[in-house]
Every structure is written in C-alpha cells, then in structure tokens.
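Computed from a prediction, not measured in an experiment: that's the story for all the values here. Chain letters run A, B, ... following the sequence lines, proteins first, then strands; residues in each count from 1.
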Number of protein chains: 2
Amino acid sequence: MVDSQQCPHDSRVSCTDCVLNSICLPIALEAEDIVKLDEIVARGRPLQKGDHLYRQEDEFSSIYAVRSGSMKSYTVTDDGQELVTGFYFPGEILGMDGIGRNRHASSAKAMETVSVCEIPFDNLGALSQKIPSLQQHCFQLMSQEIIDDRQLLALLSKCQAEERVATFLLSVSARKARNRLSATHFRLPMSRADMGNYLGLTVETISRVLSKFQKSKLLAVDNKEISIADICALKELSALRFE
Amino acid sequence: MVDSQQCPHDSRVSCTDCVLNSICLPIALEAEDIVKLDEIVARGRPLQKGDHLYRQEDEFSSIYAVRSGSMKSYTVTDDGQELVTGFYFPGEILGMDGIGRNRHASSAKAMETVSVCEIPFDNLGALSQKIPSLQQHCFQLMSQEIIDDRQLLALLSKCQAEERVATFLLSVSARKARNRLSATHFRLPMSRADMGNYLGLTVETISRVLSKFQKSKLLAVDNKEISIADICALKELSALRFE
DNA sequence: CGCCTGGTTGAGAATCATCAACATCTGTGG
DNA sequence: CCACAGATGTTGATGATTCTCAACCAGGCG
C-alpha cells in the first residue's frame, strides 16, 4: 500500500526504511539497534515556511533530524542582532547545542516546508546507556559540530568575500550530492540576507560576488537556482576544503 | 608533610583536594564519584613552554584539564595557515574535539610552563556508563564548547576590531576572576600574533587598538601585563557579553 | 655586543560596508 | 487575470576600516 516512490514528507517511514539512514543518526548502528532507535523517534506534521522548530531559551528536550526541506538556526545576541549559525539539509541533525544548559542556545526556523524526526533526548540518554555505539555517535555528532564551527571560524577570520562564497557553495554542493542530488545544479533555499549573515558579509557583497562568478563563467545564477559550470575553478578559489 | 600552600605544579593533589574542583570536571559530581574519577586521572610531569600536549591528527585517547599555566589550541588549514582556536586556563578542559573522528582535530601547545590532568577517554566512556551525571557533564562540556565557538563567530562576523579586543580582554578577565585572581590586573600569556590570529586581526591592529585603549585611559598596557582601569567602559565597547 | 624575535607606529592601498536608486519577485485582493 | 504593495535582490558611488609594507624600538640570549 505504501508508495514505493517515497513522499519526502511521508511520516510513516521508519528509520530502517528511510532513504537517509546511511547519513543520519543510524549511521553507526546495527539493524537491531536501529529498531530500538526507531521506537523513540517521533514524527510530527510538517512545518511550514517560517515556522519555528524550537526557540532560543526553550527548554531542551529533543534533538531533531531533517527528513525533507531545509532549516536555518540562528541566535539573537544581547544587542538584538540575529546571527545565522547554520543551515540544515535532509539527514542532518540539529539541536545539540541545547544539551549543555538544558535550554536551546539557538532558534531553528523552517526555510521551506520541512518534516523532521524528533529524538527525545531523555530517552536517548537512557538508550545511550544500553547502546554504547549510540553514545559514541552522539559524541561524534557534537564533536563534528565543533569541527564545522571551527571551519567556519577559519573561513570568517582568514578568507575574503569570494573565498567565503565559493566555499559556501561547495559545501552546499557536497551536501546535495550526499543526498544523491545534483552537485552542480541546485536551489539555495536561503535568502541572500541569511547567506550574508552566515558568512559575515552584507547582502550587497553576496550579490556582487555571485554576479562576478557568473561573469567569469564559473556558474550561472537564476535567482536561487545555481548551476555550477566550473567546479574546479571554484575549488581553487576556496582554499579551505569544506568537508 | 604536604605543603598547605599548594604548589601550582604539584602533581600529587587529588581531584577531591584540588582547588580547581569547583570549576573543573568534578563540578557536577558527588564526593564518591569524584574518587572514581580521581582513579583514572593521570598527572604527568609539567610541559615546558612550546611543548605540545597533542598534535592535530594524533590518535585521540584522552581529554585534558589544565592545572596551572595556560595553553593554546590551533589547527593548520589545508593551505598551511595556522588558526588559533582557543586559549585554556586552569580548570578548563581541552581535547574534546577529538572525540568525533578519534583523532585530534587541533594541536595544543603550552604558552608557558603547564601542568595538566589527563583523563583517558576509554575509561571515561566506561565510567560514564556507571556515572550518568558524568556522561551528562561531558555532553555539557562539548555543548558549551559549541556555544563558545558561536560567541566567537558572532564576534568575528559582526564586530569590528575594538569590540573584538575589548570582548577578548573581558573574557580573560572573567576567567582570571573565576580562578580567584584579579579581574583587573593580569598577564596575557599569549603573543600579540596569537591574539590577532584568534580574533581575526593582524598584529598591527591588535597593537593599535591596545594603544588606543591606553590613550583613552581604559587600561594600562605594559608588554603582556594589562591593568584595566575602566572595566565599565570596556563592557560598553563590547556589546556581546562573553560568558 | 650584536642578533633575533616580538612589539609599536606610520603611510598608502585594498576590501568591504554603507547609502541610494532601481529592478524583480511574491503574494494578495480586486 | 491583473494590479499593486512589500519584500527581496541587483548595481553603482563613496567612504571607513583594516591590511600590507616598511621602518623602528625593546628585550632576551648566545
């Protein structure tokens, strides 16, 4: 009865059958452990564009895996500025930064229609005791997040605008490819403002850099659609390899 | 027989007696659990200035707590540039970024004579199973590291030179105060180059900003010695609160 | 004493932010 | 289906901040 062509927002798919299970939380688990994980995963209705999954200072109770669509996370600094801290694509986990203080350190907002799997952390903590590899995997996820943040730090403190944008595009490209989508033709779900905010640049600079890349035939830009024409040249521009 | 005035490099002090135990790893532990932790902690001979505690790509086996002195951590990017990712003072934990890949993602170098406690992670993992609060605490430490990195990201992407330096000085000040040292008069253990690298600025800019702060009577600089004269003004300069 | 590293100060150049005008897209309601 | 308004994106001109290059100074060490 279930459509063999999975609907991206279908909430009935279990971890075992999920097309994302090779890159998502179950990555390191045995089949029988995936079943245990599956039992604690909750799958709610999809979020609409602009909806929040959680907000900064909300009590922390779960981490989340994106099933379809894309989200952004951001923090609001004391002086009221928004800082975009990350973008999340299918198979990626968000919400780990809440573990420390038991309150979320950032907000997560849907950039388009999104469905997520919710993994209640109380249960996960208990489950980790039973499945050591899951505990290990949670440590790995957090440590990966630290490493990614460091990459971004390097990008912001050492590289100039073109390098930052090139690196960002390559990162999106690689993540699309991991989801078995085209690495050269994709849609950027975020606004120029969010991109700029994330990369520490203004909207205008983002726009100018993209125009310049287009003029030099590195890629074609059509609003949010990007077609990378010369990925090698882009990689040369981006000295830092992004995963 | 033991000196009541603890020598800062004394390796015989147990976690129970350590003056740092209110801010270090044992922070969340019961007395009996501290004893268990103490059994797995190794305390080697002090490191000399310039010595490495571990190097990027080394196999990950332990996390470390600074007992005395100070360390810096840094990564080397693909194109050979050094990126200083953090400074560590007594009571602070480093090495957590190695958990993910089982190899250290950064190098750690002593900026002066340093003594550290080594906490073998294999045992810690096993111990975490027995002491749930320790597992929770490890998650907290990592999540705090993510939050700190995000703070730094905000600093680099939103703030200009004076704000960055002011915020950095306040961070050091707060950490000195936490170790019951003066919050207004202290020694910066790192070079201007390391400071600049960490803050995404050049040596010259650091030097100029410090000179300017001195001219406007915010503080006095004598080489690495800093005396903060007007900490309120400094806080106003630094919009972002740093822990 | 001289060398070398680390730090300071100055002048000029480059990058990116700012401000402003305009173009395009989106969605809403007639 | 079209018209309109608001949001989003592009492009240009100008200016501020910070980097780069260079000279110079101070301290530590052989």
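Atom NZ of A/Lys49 is surrounded by 12 or fewer heavy atoms from other residues, nucleotides or ligands within 6.0 Å.
Residue contacts for B/Lys224: at a heavy-atom cut-off of 4.0 Å it reaches the sugar-phosphate backbone alone, with no base atom in range. B/Lys212 comes within 4.0 angstrom of nothing in the nucleic acid, heavy atoms only. Here B/Leu210 lies out of heavy-atom contact (under 4.0 Å) with every strand. Residue contacts for A/Gly200: at a heavy-atom cut-off of 4.0 Å it reaches the sugar-phosphate backbone alone, with no base atom in range. Contact annotation for B/Ile206: no contact, since no heavy-atom pair falls under 4.0 Å across all strands.
Under the 4.5 Å side-chain criterion, counting only non-hydrogen atoms from C-beta, A/Val13 is in contact with A/Arg67. Contact of the B/Pro189 side chain with the B/Phe87 side chain is not registered, since no non-hydrogen atoms from C-beta on lie closer than 4.5 Å.
Taking the ring centre of A/Tyr74 as origin, the terminal cationic atom of A/Lys72 falls inside the region bounded by 6.0 Å and 45° from the ring axis.
What separates CG of A/Leu199 from C1' of C/dT15 is a distance of 16 Å, to the nearest Å. Computed from coordinates, the A/Asp194 CG to D/dA7 C1' distance equals 13 Å when rounded to whole Å. Rounded to a whole Å, the CD1 atom of B/Ile226 is 13 Å from the C1' atom of C/dG7. Rounded to whole Å, the distance from CZ on A/Arg192 to P on C/dA17 is 16 Å. Taking atom CG of residue B/Asp222 and atom P of nucleotide D/dC25, one finds them 19 Å apart after rounding to whole Å. Protein atom CD of A/Glu163 is 15 Å distant from nucleotide atom C1' of C/dC16, rounded to whole Å. Atom CG in B/Asn197 sits about 15 Å away from atom C1' in C/dG6, given to the nearest Å. Computed from coordinates, the A/Leu156 CG to D/dT18 C1' distance equals 16 Å when rounded to whole Å.
Set against C/dA17, D/dT10, D/dG9, the side chain of A/Ser211 has D/dT10 as its closest nucleotide. Considering only side-chain atoms of A/Gln160, the nucleotide from C/dC16, C/dG7, C/dT8 that sits closest is C/dC16. With distances taken from any side-chain atom of A/Arg208 to the nucleotides C/dT18, D/dG9, D/dT20, the minimum falls on C/dT18. Side-chain atoms of A/Thr202 lie closest to C/dT18 of the nucleotides D/dG9, D/dT18, C/dT18.
A distance of 10.0 Å separates CG of A/Leu169 from CG of A/Leu218, quoted to the nearest 0.5 Å.
Between B/Thr205 and D/dC19, a side-chain N or O to OP1/OP2 separation shorter than 4.0 Å is present.
Nearer to the 5' terminus of DNA chain C, by closest-nucleotide assignment, is the contact made by A/Leu201 (compared with the other of A/Asn223 and A/Leu201).
Between the base of D/dC21 and the side chain of B/Glu204 there is a donor-acceptor pair shorter than 3.5 Å. Not a single donor-acceptor contact under 3.5 angstrom links the side-chain atoms of A/Glu162 to the base of C/dC16.
Residue B/Leu94 forms a side-chain contact (heavy atoms from CB on, under 4.5 Å) with just one option from B/Leu141, B/Ile63, B/Val66, and that option is B/Val66.
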